[in-house]
Amino acid sequence: MERLNGHDELLSRIAAVDPAARLAPMTEGALDRVSRHAMSPMPKPWTWRRFRFASLGALVGSGGLVVAGILGIQAAGQSLPILALGQSAAKGGPVAPGSSSTSRVAGPMMLPFETFQFTSDPSLSSAVGSGTAYELSSSIDASTAASQLAQALSVPGDVIDQGDGSYQVGPDNGPDVSTYTSNGVVNWYYESSTPTAISSPDGATPTTTTTTSADPTGPLPTNDQASQEAVALLGTLGVSSDLGTPSVSSDATEVDVTIPIVVDGLSTDQTFYVSYGPDSVLNSVSGEYLTATPETTYPTIAPTDAVNVLIAHNGFIFYGGVEPMGAASSANASSSPGSAPTDTTPTTDLGAGSGSGDSTTTTVPGDPTTTISEPVVNVDINQATMQLSSYTLTDGTSWLLPTWALSGPETGTTLSPGDTYSNNVLAVDSQYVQLQTGPMAY
Amino acid sequence: MTDTDREARFTRLVHDHGDAVHRYLRRRHVVADATDAEDLLADVMSVAWRRLDDIPVGAEAPWLFGVAKHRLSNARHRSTRRDRLIAPIRPRAAAPAAEDVAIADLGLRAALDRLSDKEREALLLTAWEGLGPEELAVALDVSVNAAAIRLSKAKVHLLAILSEETQESLPAYATGTR
């Protein structure tokens, strides 16, 4: 039985469990960046749609010479269309620096604002290059996809229009197939709430699946078995994307396979997931029908320039490192095309706190005599791999854009010794990128 | 107000209240989306910049909490829909909310769970953000009297819940059951 008597005592008890009580205060540098970001101008973007209309007009007026010039990488300069970005197309898309997959998923007691000291490993290239932007679409609509998937996975029932752009076959508690269109791309998933074993599919009979009862205590498939079955299953479901190397994780009850989509030899952040239970029973599968159409080749920054983006933002940046064009200069962001950084050995914290380069300190609100030292994490970026990450432009279209996947070992005040820092920075040269943060829902 | 004055006021606003808004968001956002809390803070401050002239002088913090509440609600709505769509590919044990994890006082946590959203928000704004009745009214967008009544009812309700046996209402992850 509880023995609380007074309201004040009650409030004290709630205050005592404040999950933010041990969070370090935000640094002045971090607050500066929030302020600068909010005040950044948001000029009307030159969207791809507008660019195409403009291109059409130019084509009519000058016999195609202008458009040919605009579309050619040789004539890049300022004539390439600006990529007006909204937000990441997928939750699993580009990760904002400062949120590496290994150590920046913070718990409530974790200090949120480490001071990062990034350095470019000497092995890192300072050469600029080029990369292709791909527009994403689907060659099938969501309703048809639902119907075909349901047939392939032996889910009985009609296609139900959910009214919000999504379609479903089968009951909510499964087995069911659901599809929806997000920024021009059809996403889909299947879930079986009752044991439904899928026979080993073969490519010649894409719709043949069999349903059997499964032993819930039966053995799980091995990682290799699950990978092979997952790849084969996707083939039966009409997936025509090139697939990368599957990665497999498992626990006591299921084996999960993640398979990245590959476009022109580059890994992307778009993936298929397949989950198997005991006796290789298919628990769920999800993915998207994706067509990547190459549109324009852009100049890309060097890996060392990408490291400078990390330095400029000190792990507190927005939308994968992209800033509104008007604010780019104030953030000490990197590079223009063709100009390798003059100093590829970044020195100190350029963005946060005192900027001393050593452990920065912050005073405790209400107690200016007490200071808290911020954790300092040293990261030597020694790996840079070109990948493709999904972005949504402000005209609602989805794109895969060249991205540098950066990684390197963490030392210093790391949260978990031995961690590897990893993060993605948009590789398209910043003069061709424009960020619009609106419209606001509020 | 000149552009320079406007920028100066806004910069001061961010420096005076940015940390408090960030804490508000971190207290209420899911653990797995800690980075999103930072994006949400940026969104809140973007709204504040656009609507700077609407922000009541002297009540900036509760006004910002009100905006943050809406932004958080929108984010949770999107997250809920997203979760429904991708539920099959998510780990079976979803991460509890940040405040749920932090509240080791499981009896209190279970009791707070049983309050209505409005009652709980009134209590937490008072206990965690330290708002008084007038500020609470701004944050909740109700009259001062209504805010005081809501807070009072919330306290009474919580005390009543705490006086009951709470074991049966403990969350599944606290009891080790599913």
Side-chain angles (χ1 to χ4, degrees), chain A residues 1-2 4-5 7 10-21 23 25-26 28 30-32 34-35 37-39 91 95-96 98-99 104-110 112 164 166 174 178 180 187 189-191 251 253-254 256 273 275 283-286 316 318-319 365 437-438 440-442, chain B residues 7 10-11 13-15 18-19 22-24 26-27 31-32 34-35 37-39 41-50 67 70-71 74 81-82 85-89 92 98-99 101-105 107-109 111-112 123-124 126-128 130 152 155-156 158-159 162-166:
Chain A
M1 296 287 284
E2 301 292 336
L4 289 175
N5 296 316
H7 289 189
L10 180 66
L11 290 176
S12 297
R13 182 170 167 184
I14 298 173
V17 295
D18 178 1
L23 292 181
M26 290 181 71
E28 294 297 302
L31 291 168
D32 279 340
V34 171
S35 174
H37 181 270
M39 290 191 292
K91 188 61 185 173
V95 180
S99 59
R104 233 51 63 198
V105 180
M109 298 304 179
M110 186 178 291
D164 57 357
S166 63
S178 291
Y180 65 100
N187 294 249
Y189 75 84
Y190 161 86
E191 181 178 33
D251 59 23
T253 60
E254 63 183 40
D256 299 326
Y273 297 87
S275 175
N283 286 339
S284 62
V285 54
S286 64
F316 190 81
F318 307 93
Y319 303 109
T437 55
M440 293 295 179
Y442 179 71
Chain B
E7 290 184 10
F10 180 72
T11 302
L13 177 84
V14 172
H15 280 259
D19 185 62
H22 182 255
R23 286 169 185 273
Y24 175 94
R26 288 297 301 272
R27 283 164 177 144
V31 173
T35 305
E38 295 160 7
D39 286 342
L41 172 63
D43 279 352
V44 170
M45 290 306 177
S46 294
V47 173
W49 170 243
R50 287 191 294 109
V67 175
H70 280 86
R71 301 300 298 169
N74 287 341
R81 173 170 163 71
R82 186 181 66 218
L85 290 169
I86 65 173
I89 62 174
R92 290 295 183 267
E99 62 266 43
V101 173
I103 296 178
D105 186 342
L108 177 59
R109 179 249 183 276
L112 284 168
L123 268 176
L124 297 184
T126 303
W128 286 350
S152 178
K155 289 176 180 174
V156 170
L158 185 62
L159 283 170
L162 285 170
S163 69
E164 300 171 358
E165 290 291 337
T166 57

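Order of the sequence lines fixes the chain letters, A, B, ..., with proteins taken first and strands second; residue numbering starts at 1 for each chain. Hydrogens, waters and symmetry mates play no part in the numbers below; they use all other heavy atoms, side chains included.
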Find the distance between OG1 (Thr126(B)) and CG (Leu10(A)) and round it off to the nearest 0.5 Å. 10.5 Å
Where do Val34(A) and Met45(B) come nearest, in terms of heavy atoms and distance? CG1-CG, 3.5 Å
Under a 4.5 Å cut-off applied to non-hydrogen side-chain atoms, are Asp32(A) and His15(B) in contact? yes
Heavy-atom closest contact (Leu31(A) atom, Gly18(B) atom, distance): CD2-CA, 3.8 Å
Heavy-atom side-chain contact between Arg23(B) and Pro25(A) under 4.5 Å: yes
Closest non-hydrogen atoms of Ala127(B) and Ile14(A), given as atom of the first, atom of the second and distance, are CB-CG2, 3.5 Å
Could you tell me which non-hydrogen atom of Met26(A) sits nearest to which non-hydrogen atom of Asp19(B), and how far apart they are? N-OD1, 2.8 Å
Chain A heavy atoms under 4.5 Å from Leu158(B): which part of the residue, side chain, backbone, both or neither? side chain
